[in-house]
Amino acid sequence: QEWQNPFATWDPLDFCNISEIILPMDTYWSPPIFILERVNGQDPELNYMVLTHNGSFNSTRPFQVTLTCSLRILKFPFDTQTCNLSIASFLYPAVTDFVMKTRRTPAEIMKDSQSFLLTDGEWKFTNLSIIEYTEILDDKGFSVVTYLISMERRPTLYILNLILPTCALYLLDMAVLFGPSSLEEKINFQIAIILGSSMLAVILNNSLPTSSNKPPIIGTH
């Protein structure tokens, strides 16, 4: 965060060439913001800000939060998701008192975000875009900045553990059904395939995401 305070300025020549100082967050006014999609998290312990001689405040506070995100998993495991991270402050009207702007472009933020991804997990960070708008609440406009984070699921694990075994069971079922075996052997094979499909359905139920209005195609077939 960066903001200006014209009443907190000084001449460095009058104070031993000191051009900046570090102060606690409660020393001066700081922007009161919060994340709209936040459901849980840990507040930062770094409650300090840097004040320069020209009245510029700079505060870098790392937040670790859990956000809500509406998932659409119809194309699972080849799905892409877009989650929002909205930063707002409903204490000061945007028209007269408080307006938030992003300092860097989405391309710069995306480049820095990719450098922070230290683990190669299930999701691949693909794109980031920013929307700056004014939210109307009780006939007042409040400044909101929303980051649209696009992610793509890595499907390799699900292909090996779910899709390939399912296709193998279906192919085996077709081979037994149209094969030259006797009726008794076909019935035994069909029972074994049904048991295998039931076990796979149990594994599938534990592996598929459940937070979606429409189930994935692989779960409905």
Side-chain angles (χ1 to χ4, degrees), residues 1-10 20-73 79-117 123-153 209-214:
Q1 292 178 282
E2 289 186 359
W3 67 95
Q4 291 289 133
N5 188 343
F7 300 102
T9 60
W10 71 90
E20 65 178 28
I21 56 176
I22 300 176
L23 300 173
M25 290 294 296
D26 56 358
T27 305
Y28 281 92
W29 176 90
S30 60
I33 62 173
F34 59 91
I35 301 175
L36 300 182
E37 295 85 2
R38 175 175 175 173
V39 294
N40 197 0
Q42 181 180 358
D43 293 331
E45 298 180 357
L46 188 64
N47 294 320
Y48 292 91
M49 55 187 176
V50 179
L51 171 61
T52 58
H53 67 280
N54 59 359
S56 175
F57 286 81
N58 188 302
S59 173
T60 302
R61 307 177 66 195
F63 284 86
Q64 182 178 0
V65 298
T66 301
L67 308 178
T68 59
C69 183
S70 178
L71 300 180
R72 295 180 295 273
I73 58 173
D79 55 324
T80 58
Q81 307 293 339
T82 301
C83 295
N84 296 342
L85 192 153
S86 302
I87 301 176
S89 177
F90 293 136
L91 297 181
Y92 301 98
V95 178
T96 57
D97 297 336
F98 189 80
V99 178
M100 290 191 298
K101 295 290 183 180
T102 55
R103 182 182 60 181
R104 294 177 295 176
T105 63
E108 294 174 343
I109 298 176
M110 182 176 176
K111 183 178 179 181
D112 291 342
S113 300
Q114 289 176 337
S115 65
F116 294 147
L117 297 177
W123 294 95
K124 179 182 178 181
F125 178 50
T126 57
N127 192 22
L128 185 143
S129 57
I130 303 174
I131 300 177
E132 300 175 357
Y133 63 99
T134 301
E135 180 75 18
I136 303 300
L137 184 64
D138 294 335
D139 297 331
K140 293 182 180 180
F142 299 93
S143 180
V144 181
V145 176
T146 300
Y147 296 85
L148 284 79
I149 305 170
S150 299
M151 300 175 294
E152 179 181 352
R153 194 190 302 270
T210 58
S211 57
S212 178
N213 294 329
K214 294 182 178 181

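The analysis underlying the following values was restricted to heavy atoms, covering all of them including side chains, and did not include hydrogens, waters or symmetry mates.
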Note, Val65 side chain near Phe34 side chain (heavy atom, < 4.5 Å):
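No - every pair of side-chain heavy atoms lies 4.5 Å or more apart.
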Using a 4.5 Å cut-off on heavy atoms from C-beta on, say whether the side chain of Ser30 contacts that of Phe57.
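They are not in side-chain contact.
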Under 3.5 Å, sequence neighbours excluded: what are the donor-acceptor pairs made by side chains of residues 84-95?
residue, atom, partner, partner atom, Å
Ser86, OG, Glu37, OE2, 2.9
Ser86, OG, Thr146, OG1, 3.0
Ser89, OG, Pro32, O, 2.5
Tyr92, OH, Trp29, NE1, 3.1

Heavy-atom count check: over 12 atoms from other residues, nucleotides or ligands less than 6.0 Å from Gln64 CD?
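Atom CD in Gln64 is not crowded, with 12 or fewer foreign heavy atoms closer than 6.0 Å.
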Ile22 atom CD1, neighbour heavy-atom count above 12 within 6.0 Å:
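No.
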Listed once per pair and sorted, the side chain to side chain donor-acceptor pair (under 3.5 Å) pairs that draw on residues 135-145, sequence neighbours left out:
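Residue pairs with at least one partner in residues 135-145: there are none.
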Taking atom [atom1] of [X] and atom [atom2] of [Y], what is their separation to the nearest 0.5 Å?
| X | Y | atom1 | atom2 | value |
| --- | --- | --- | --- | --- |
| Asn5 | Leu51 | CG | CG | 8.0 Å |
| Gln114 | Ile109 | CD | CD1 | 12.5 Å |
| Tyr147 | Ile131 | OH | CD1 | 12.0 Å |
| Glu152 | Trp123 | CD | CH2 | 9.5 Å |
| Ile149 | Met110 | CD1 | CE | 11.0 Å |
| Gln1 | Arg103 | CD | CZ | 11.0 Å |

Show, in sequence, the C-alpha distance, side-chain angles and deciding distance for Asp112 and Arg104, and conclude whether the side-chain contact (heavy atoms from CB on, under 4.5 Å) test is met.
CA-CA 11 Å; Asp112 291 342; Arg104 294 177 295 176; 2.3 Å; yes
Heavy-atom pair with the smallest gap, counting every atom of [X] and [Y]:
| X | Y | result |
| --- | --- | --- |
| Leu71 | Gln81 | CA-OE1, 3.5 Å |
| Ser59 | Met25 | OG-SD, 3.7 Å |
| Gly141 | Thr134 | CA-CG2, 3.5 Å |

Backbone N or O of Ser150 within a donor-acceptor pair of the Thr126 side chain at under 3.5 Å?
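A pair under 3.5 Å: yes.
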Tell me whether Glu132 contacts the main-chain N or O of Thr102 through its side chain, where contact means a donor paired with an acceptor under 3.5 Å.
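Yes; judged by distance alone, with no hydrogens or angles, the pair exists.
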side-chain hydrogen bond (donor to acceptor under 3.5 Å, both in side chains), that's the test. Do Ser56 and Asn54 meet it? Break it down for me.
CA-CA 6 Å; Ser56 175; Asn54 59 359; 4.6 Å; no
With sequence neighbours left out, write down each residue that passes salt bridge (charged side-chain N to carboxylate O under 4.0 Å, His left out) with Asp97, or none if nothing qualifies.
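Listed in chain order: nothing, the list is empty.
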